[in-house]
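Below is one structure, written out as structure tokens; the observations come after it.
Computed from a prediction, not measured in an experiment: that's the story for all the values here. One is the number of the first residue; the rest follow in order along the sequence. Order of appearance sets the numbers: ligands from 1, and atoms from 1 within every ligand.
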Amino acid sequence: MIGRLNHIAIAVPDLAAASAKYRNLLGAHVGQPQPLPEHGVTVVFIDTGNTKVELLEPLGDTSPIAAFLERNPSGGMHHICFEVPDIRAAAEVLKSGGARVLGDGSPRTGAHGKPVLFLHPKDFDGTLIELEEV
Ligand SMILES: C[C@@H](C(=O)O)C(=O)SCCNC(=O)CCNC(=O)[C@H](O)C(C)(C)COP(=O)(O)OP(=O)(O)OC[C@H]1O[C@@H](n2cnc3c(N)ncnc32)[C@H](O)[C@@H]1OP(=O)(O)O
Ligand SMILES: [Co+2]
């Protein structure tokens, strides 16, 4: 079911500062900031060739990562995203296996314009998993 690792996401308190570190210290190719109000975050992607790093900071008052950053004020690993060929079929398999699909359970459009879903971190050993249909 899950395929390639599409991205590893790091929640950061200051996206511009984090982007500058990756660009200037790590010599990474950092993409342009993408405000995603429907997700409550602004993101940038760093393409490493074998996968991507998504840096994200809260956007708006109801960001789903606000509590995470309160718990981890200097930031931290936030989620990992796996690719799946059929996200609705994947969601059915996961739900029948007892995993919680977050939100209303329907896929939403993610940063790459593809359908995405999130699985509760408590069901996957303390790791928030995102699925992206590719
Ligand atoms: C743009 C898109 C894309 O790539 O295309 C994105 O990635 S958007 C990326 C931003 N969107 C999302 O993350 C959407 C999915 N996330 C959510 O719905 C939320 O963040 C939750 C996963 C429900 C957590 O929300 P919140 O922290 O407010 O809930 P909570 O305080 O009740 O936390 C419940 C328990 O989960 C833990 N917890 C929370 N976030 C966690 C994380 N990222 N990794 C591991 N554990 C986590 C808390 O420590 C707590 O554990 P204890 O009970 O032990 O204290
Ligand atoms: Co993501």
Which of the atoms of ligand 1 are close to [X], meaning less than 4.0 Å from one of its heavy atoms?
X      : answer
Ala67  : 27 (O), 28 (O)
Leu56  : 9 (C)
His79  : 7 (O), 9 (C)
Leu36  : 1 (C)
Gly110 : 5 (O)
Glu54  : 1 (C), 2 (C), 3 (C), 4 (O), 6 (C), 7 (O)

Checklist entry - If you take all heavy atoms of Gly75 and Leu69, which pair is closest and at what distance? => result CA-CD2, 3.8 Å
Item to check | Nearest heavy-atom neighbours spanning Leu56 and Leu15 | outcome: N-CD1, 4.2 Å
Could you tell me whether some N/O pair between [X] and ligand 1 is separated by less than 3.5 angstrom?
X      : answer
Ile65  : no
His39  : no
Thr127 : no
Glu130 : yes
Val41  : no
His112 : no

[atom]: the protein heavy-atom neighbour that sits closest, reported with distance to 0.1 Å:
atom                    : result
atom 43 (N) of ligand 1 : His78 O, 2.9 Å
atom 19 (C) of ligand 1 : Pro64 O, 3.9 Å
atom 47 (C) of ligand 1 : Pro121 CG, 3.6 Å

Checklist entry - Can Asp47 and Lys52 be counted as an ion pair, charged N to O under 4.0 angstrom? => result no
Checklist entry - Below 4.0 angstrom, N of the basic side chain to O of the carboxylate: do Arg4 and Glu83 qualify? => result yes
Item to check | Pair Ser106, Asp104: side-chain N/O donor-acceptor within cut-off below 3.5 Å | outcome: yes
Item to check | Donor-acceptor side-chain pairing of His78 and Glu54 below 3.5 angstrom | outcome: no
Distance flag for [atom], protein heavy atom under 4.0 Å:
atom                    : value
atom 24 (C) of ligand 1 : no
atom 40 (N) of ligand 1 : yes
atom 52 (P) of ligand 1 : yes
atom 31 (O) of ligand 1 : yes

Next on the checklist: Is any side-chain heavy atom of Ser63 closer than 4.5 Å to one of Val41?
Outcome noted: yes
Checklist entry - How about Thr48 and Val53: do any of their side-chain heavy atoms sit closer than 4.5 Å? => result yes
Checklist outcome for this item: the Co ion (ligand 2) has as its nearest N, O or S atom from Glu130 the atom OE1
Item to check | Shortest-distance N/O/S atom, Glu54 versus the Co ion (ligand 2) | outcome: OE1
Next on the checklist: Quick check: is Ile46 connected to Met77 through a chain of hydrophobic side chains (ILVMFWY, heavy atoms under 4.5 Å apart)?
Outcome noted: yes
Checklist entry - Does His7 have a non-hydrogen atom less than 4.0 Å from ligand 1? => result yes
Next on the checklist: Below 30° counts as parallel, above 60° as perpendicular, anything between as tilted: where do the rings of His112 and Phe45 land?
Outcome noted: tilted
Item to check | Centroid-centroid under 6.0 Å between Tyr22 and His29 rings | outcome: no
